[in-house]
Amino acid sequence: MNATVTTGKDLQKMDPVFGQLSFNGHEQIVFCNDKDTGLKAIIGIHNSVMGPALGGTRMFNYANEWEALNDVLRLSRGMTYKAAITGLNIGGGKAVIIGDAKTQKTPELMRKFGEFVHSLSGRYITAEDVGMETADMDIVRDVTPYVTGISEERGGSGNPSPVTAFGVYMGMKAAAKQQFGSEKLEGKKVLVQGIGHVGETLVEYLTKEGAQVFITDINEEKLYQVASKYNAQIFTGEDLYSADVDIYAPCAMGATINDNTVDKIKAKVIAGAANNQLANENTHGLILQERGILYAPDFLINAGGIINVYAEIEHYDKAEAMRRTENIYNTTLEIFDYAIANGITTHQAALTIAQNRIDLRKIENAK
């Protein structure tokens, strides 16, 4: 048997963590492994200036460990700015579990993951994300208090997805007002990509308002189910990015706006629930701006979920969570105005405002 030996010098050149393009001054990266349960997870704590890092756990069958690492780095960074832009006193973190949530997720695996979360002594507080259910968070709660989004029966805020969808809906209405002159979505053609928990609820909001909704998803059974339930149209074109619609709402995985798609998009507004929609924030954000396409920053308009689970930390009720989420409408309009006034993209505007709040808190903490 021949083994390839990587020298220390070669490993240094690789820079497997700190050299990642998605590494952005993260405070801590924790690799979790348990042979008995098959758990392979990564916890990323990006920034804790505003408070303990809060962010959901995503279980996904990544192609490789580098893909998982890149995802947790990008997602945890996004959580920092999501919390800051919405005025929450919480830091940014995220976790990913490598594996198929449908076939490999077990109660034992979730309990073991909870033990790793608990070992961080509250620096990271987890919650529900892609591939997770409220019941999974209840299992994690059995071994650690550092979890949010547990069931209402156990005193939690429950599934955050409906609140996330409401925030996206508010952000979309704000974008429509900015781009079309009216917040009304009646008659507007909206393409929703991804109809999971959040996407389906968004479809419900849109159809109730009278929008013409097109849907697409890799799960054909769910696609036909949602189409029938809300009288939505299944998108049948060859290229969804060049679809003749008014609004494109990415609600699945991130980076759908990339080198291959950004010049195809015909929609005049992009407003969806997916995290990290821009593969390259600067390049693709600028291209959208130059093409006259209004981008509603994802980490702002999809913040309803974190607002909802934050209630378990600050002890406010569901009505207050919805009120705070509704305010995403006003914050989105403020971001658009700031971008225009400063001649920058909407994404840059949101990042700047969020970073200013973090910097101010850092100065206060140092006194």
State, to 0.1 Å, how close L88 and M50 come at their nearest heavy-atom pair, and which atoms those are.
O-CE, 4.2 Å
With a 3.5 Å cut-off and no angle check, do the side chains of T256 and Y248 form a donor-acceptor pair?
yes
Minimal non-hydrogen separation, D136 against G131, with atom names:
OD2-O, 4.3 Å
Do N356 and D359 pair up side chain to side chain, a donor and an acceptor below 3.5 Å, judged on atom types alone?
no
Verdict with supporting geometry, E204 and K229, salt bridge (charged side-chain N to carboxylate O under 4.0 Å, His left out)
CA-CA 9 Å; E204 181 179 4; K229 185 176 181 179; over 6 Å; no
Check whether F214 forms a cation-pi arrangement with K189 (NZ or CZ under 6.0 Å from the six-membered ring centre, at most 45° off the ring normal).
no
Could you go through the side chain to side chain contact (heavy atoms under 4.5 Å, CB included) check for L240 and L191 one step at a time?
CA-CA 8 Å; L240 66 91; L191 173 60; 3.9 Å; yes
Exercise: identify the closest heavy-atom pair between R154 and D142:
NH1-OD1, 3.1 Å
Under the side chain to side chain contact (heavy atoms under 4.5 Å, CB included) criterion, do D71 and Y62 qualify, and how do the steps go?
CA-CA 9 Å; D71 206 25; Y62 294 98; 2.6 Å; yes
Any donor and acceptor pair, going by atom type alone, linking the side chain of Q277 with main-chain N or O of G272 inside 3.5 Å?
yes
May I ask you to check whether E183 and Y329 show a side-chain donor-acceptor distance below 3.5 Å?
yes
Would you mind reporting whether L39 and N33 have side-chain heavy atoms less than 4.5 Å apart?
no
Does Y146 have R123 sitting over its ring (NZ/CZ under 6.0 Å from centre, angle to axis within 45°)?
no
Distance-only side-chain donor-acceptor flag, T134 / E128, under 3.5 Å
yes
Pair D129-K94, salt bridge (charged side-chain N to carboxylate O under 4.0 Å, His left out): steps then yes or no:
CA-CA 9 Å; D129 203 309; K94 206 77 173 186; 2.5 Å; yes
Do the rings of H26 and H46 sit parallel, tilted or perpendicular, given the 30° and 60° boundaries?
perpendicular
With no hydrogens and no angle check, do the side chains of N308 and R324 hold a donor and an acceptor under 3.5 Å apart?
no
Would you indicate whether the side-chain heavy atoms of C32 and I42 approach each other to under 4.5 Å?
no
Going by distance alone, is a donor N or O of one side chain under 3.5 Å from an acceptor N or O of the other, for N302 and N275?
yes
Show the numbers, then the answer: is there a side chain to side chain contact (heavy atoms under 4.5 Å, CB included) between L278 and H347?
CA-CA 9 Å; L278 304 176; H347 189 85; 4.1 Å; yes
Within the 3.5 Å criterion, strictly below it, is a donor on Y169 or E209 matched to an acceptor on the partner's side chain?
yes
Would R323 and E326 count as a salt bridge (charged side-chain N to carboxylate O under 4.0 Å, His left out) here? Give the steps.
CA-CA 5 Å; R323 187 197 67 78; E326 186 176 15; over 6 Å; no
Applying side chain to side chain contact (heavy atoms under 4.5 Å, CB included), run through D217 and V226 and close with a yes or a no.
CA-CA 10 Å; D217 196 283; V226 172; over 6 Å; no
Can you tell me if E312 and S157 form a side-chain donor-acceptor pair at under 3.5 Å?
yes
For N89 against Y310, the heavy-atom pair lying closest together:
N-OH, 3.3 Å
